Amino acid sequence: MIKDNLSSLVERAFEEAVKANELGPIEDPKCPVPIVIEEPKNPEHGDLACGVSLKLAGLARMSPLKIAEALGRQIDFLLPSLPHDSLRRFDIVAPGFINFQLGTAWLNQAIAQVIHQGDDYGRAHLGDGKKVLVEYVSANPTGELHIGHGRNAVFGSCLSNLLSYAGYKVDQEFYINDYGEQINQLGRCCFALYLKQNGREADYPQEGYPEEYLSDFVQQVTDQYKDQYVDLPIDQGGPLIGGLVKDIILQNQKDLLERLGITFDTWFSETTLHKNGEVESVFREFEKHGHTFENEGAYWLRATELGDERDRVLRKQGGATTYLANDSAYHLGKYRRGYDLMINIWGADHHGQVPGLKGAMKALGQDADKLQVILTQIVNLSRDGQIVRMSKRKGTVVMLSEVVDEVGRDAVRYYLAESNPQNSINFDLEIAKKSSKENPAFYIQYAHARCCSILRRALEESLDTESQNINPPIFSAKDMTEMQKSWGDLAQSAQFDDLYDKQDNQIVFHQKALVKRLEAFPAEVIEAARLMLPGRIARYAYDLANDLQKFYEVSRVMTDDLSVSKARLGLIFATRQVLANALGIIGVSAPERM
RNA sequence: GUGCCCGUAGCUCAGCUGGAUAGAGCGUCGGUCUCCGAAGCCGAAGGUCUCGAGUUCGAAUCUCGACGGGCACACCA
């Protein structure tokens, strides 16, 4: 990577400058501050720049400019050790920046690298094969998914893709809360509706789920089984009808998530924890490790000793286990499955539970740092500018399925993937629909399709508008195959010199910008994975598409000069590849035509 | 009341471990297709980075405080 090359160049210059006693009181040849190479906003400041002298000023008790000059002298000596024409020149400017002007060697190498590695370009070893479990969505099987679930789902999916791309071994899991009071409640509600739908009298539970959420699901049961269960007592009918409805809802959620391109490796049922006795055995584990006590007939976790703000009940007075106890059993199981890292993606309204769960893991003797909870902030839905509160009670929720229907999978994914989880999102349905054609997702896809189109056109005959003659195709399919082979040949990367030799500064500028962007992709993947912010990849893809469009505006790919055409086709080929790789991470399709 | 998150253009959001003149999209106004896809490109307008202190060569970025918004504070799940 070019930045790494430059940063190690500056590092060596620093060493030499220290040896030459040019940096005042600094005697350690190891640079005390990280050497960061950055892209200047102003193009007049070169292709890349280093501001390390400014950070060293205090330590060296010298002016930043003097330091930069000292480093510059050493870089001059080191220059011959670099590959031919990798660095064209560098300048020392006030207040102490070192600005680099790139030659062609590294840039050419970057294009060849993209094509050489293809679908794997940008893959990283950051994860080093570590096993990660990403648990997300985990919605209750008591109703449809809403837009908040959608955000959680898209974020989790993108993060999983990203981590996997960065070298982690990722499993994706959906935890089904199919046990306990809420599922009993679901049963009572569904049975009441079932009776009603069969013309019987029934009292709908007052604190139950809104009827309109459930009636369609229950209707499916009614349609299939007619009135054959109407005479069952509530304690049998509830669980039976509730169970049937739960399966329908779950399947419904699965189908919807699949429509969003989300698939889970495991659907983990809470019921299995209870049936296998894992909840009971987690109490024995708590007992072994201490940090628990009894009070007024309840069994407590002394969470205050473990970083929580108050103690938590694990087993209630009546003997029932709490949500935290069940969750502890679930998460202990995750540890035992051997994951190096466990990521939970929760809605921010659950943030209060984080210290409790982490405390429980500590109490069980586990490394709580392996468990990381990412909180996604709320999605504010509006329609025509009117805020729609997502209250389940009032039943005003706009369902995720409606949004996907209206806006489309790719746009929904991009929209929800783009922003960082700690920021709330304002999602106006009317605007989302209206702007769906100018949606960033379309813009990126358009750039991809345009690359494909150019590559296709290279193989087609063309019409000369002046003479009305039909020109034969410039390249044959066989030519294309051979070109692709040579583009990916690292030893032949000098063929891309033709991108920069011509006199038109504007074209050179935009091509260079495009190549620099392609070259930055692997570093971007690593950074995004490190920060666990897949939104960065979405924005990167947008920037790359933008760079392509700007290049395309000022320059033709197919020209009279065959070697230039070849080089530019190679650049387009590489751009298409990186667009596809980036889109793949955020789970947006990369169409060849639109 | 306590804890967590947020506050950047009219709206939606970027801004990398502090760096050069704070950036995009949408919306508004104007320009641009005899030429590989105009779902594009170019330009204009729009900012006290909520406010106030502090840290330092230098703050949208770090610290503290205020204000504003959201969320959470169960032997519920």
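Because the structure is a prediction, the values reported are computed rather than measured. The sequence lines fix the lettering, A, B, ..., with proteins before strands; numbering per chain opens at 1.
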I'd like to know if the side chain of [X] pairs up with that of [Y] as donor and acceptor (distance under 3.5 Å, no hydrogens or angles considered).
X: A:T304; Y: A:E309; answer: no
X: A:N344; Y: A:H331; answer: yes
X: A:N426; Y: A:N380; answer: yes

With distance as the sole criterion, do the side chain of [X] and the base of [N] form a donor-acceptor contact below 3.5 Å?
X: A:N184; N: B:A77; value: no
X: A:E38; N: B:A20; value: no
X: A:N426; N: B:U12; value: no
X: A:K41; N: B:G23; value: no

Rounded distance in Å - [atom1] ([X]) to [atom2] ([N]):
X: A:H351; N: B:U2; atom1: NE2; atom2: C1'; answer: 11 Å
X: A:W346; N: B:C5; atom1: CH2; atom2: P; answer: 16 Å
X: A:F427; N: B:U12; atom1: CZ; atom2: C1'; answer: 12 Å
X: A:D327; N: B:A77; atom1: CG; atom2: C1'; answer: 10 Å
X: A:Y542; N: B:C13; atom1: OH; atom2: C1'; answer: 12 Å
X: A:L54; N: B:A59; atom1: CG; atom2: P; answer: 13 Å
X: A:H350; N: B:A74; atom1: NE2; atom2: P; answer: 14 Å
X: A:E44; N: B:A20; atom1: CD; atom2: C1'; answer: 11 Å

_Tell me which one of A:E135, A:E278, A:E270 satisfies side-chain contact (heavy atoms from CB on, under 4.5 Å) with A:Y330._
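Result: among A:E135, A:E278, A:E270, A:E135 is the only option passing the side-chain contact (heavy atoms from CB on, under 4.5 Å) with A:Y330.
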
Phosphate OP1/OP2 of [N] contacted by [X] side-chain N/O (<4.0 Å):
X: A:K3; N: B:C16; value: no
X: A:R457; N: B:G37; value: yes
X: A:Y443; N: B:A24; value: no
X: A:N423; N: B:A14; value: yes
X: A:N420; N: B:G15; value: yes
X: A:N380; N: B:U12; value: no

If you look at every strand shown and take non-hydrogen atoms under 4.0 Å, does [X] touch a base, only sugar-phosphate, or nothing?
X: A:R539; answer: sugar-phosphate
X: A:Q445; answer: nothing
X: A:N546; answer: sugar-phosphate
X: A:V36; answer: base
X: A:A49; answer: base
X: A:A298; answer: base
X: A:S424; answer: sugar-phosphate
X: A:E524; answer: nothing
X: A:N99; answer: base
X: A:I425; answer: sugar-phosphate
X: A:F551; answer: nothing
X: A:A449; answer: base
X: A:E527; answer: sugar-phosphate
X: A:R310; answer: sugar-phosphate

*Under a 90° cut-off about 0 for the syn range, is B:C33 syn or anti?*
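B:C33: syn glycosidic orientation.
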
*Hey, is the main chain of A:T559 close enough, under 3.5 Å, to the side chain of A:S565 for a donor-acceptor pair?*
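Present.
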
*Step by step, would you call A:E280 with A:R315 a salt bridge (charged side-chain N to carboxylate O under 4.0 Å, His left out)?*
CA-CA 10 Å; A:E280 278 315 306; A:R315 195 193 293 281; 3.1 Å; yes

*Can you tell which of B:U17, B:A20, B:A77 lies closest to the side chain of A:V93?*
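Shortest atom-to-atom distance from the side chain points to B:A20.
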
*Proximal nucleotide (of B:C41, B:C75, B:C16) relative to the A:W300 side chain*: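 When the side chain of A:W300 is considered, B:C75 is the closest of B:C41, B:C75, B:C16.
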
Let's test this: given Watson-Crick or G-U wobble pairing with both distances under 3.5 Å, identify the partner of [N].
N: B:G25; result: B:C11
N: B:G65; result: B:C51
N: B:G40; result: B:U32
N: B:C57; result: B:G19
N: B:C4; result: B:G70

*Taking the six-membered ring for Trp, is the centroid-to-centroid distance between A:F174 and A:F268 below 6.0 Å?*
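When the ring centroids of A:F174 and A:F268 are compared, they turn out to be at least 6.0 Å apart.
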
*Mark this stacking check for A:F97 against B:G19 as yes or no, applying ring centres under 5.5 Å and ring planes under 30°.*
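Stacking is absent between B:G19 and A:F97, given that the ring centres and planes do not meet under 5.5 Å and under 30°.
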
_Applying the 5.5 Å / 30° rule, does A:H45 stack onto the base of B:A20?_
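Here the ring of A:H45 and the base of B:A20 are stacked, with centres under 5.5 Å and planes under 30°.
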
*Can you tell me, in whole Å, how much space there is between the C1' of B:A59 and that of B:G27?*
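Approximately 32 Å lies between the C1' atom of B:A59 and that of B:G27.
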
_Pick the closest RNA chain B nucleotide for A:R593 and for A:S53 by heavy atoms, then say which residue is nearer the 5' end._
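Looking at the nearest nucleotide for each, A:S53 comes out on the 5' side.
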
*Please tell me which of A:E39 and A:G352 maps to the more 5' nucleotide of RNA chain B, matching each residue to the nucleotide holding its nearest heavy atom.*
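Closer to the 5' end of RNA chain B: A:E39.
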
*Output yes when A:K566 and A:D498 qualify as a salt bridge under the 4.0 Å nitrogen-oxygen rule, no when they do not.*
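Judged by the 4.0 Å cut-off on N to carboxylate O distance, A:K566 and A:D498 do not form a salt bridge.
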
*asked:* Other residues, nucleotides and ligands only: do more than 12 of their heavy atoms fall within 6.0 Å of CZ on A:R89?
replied: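 Counting neighbours around CZ of A:R89, 12 or fewer heavy atoms of other residues, nucleotides or ligands fall under 6.0 Å, so no.
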
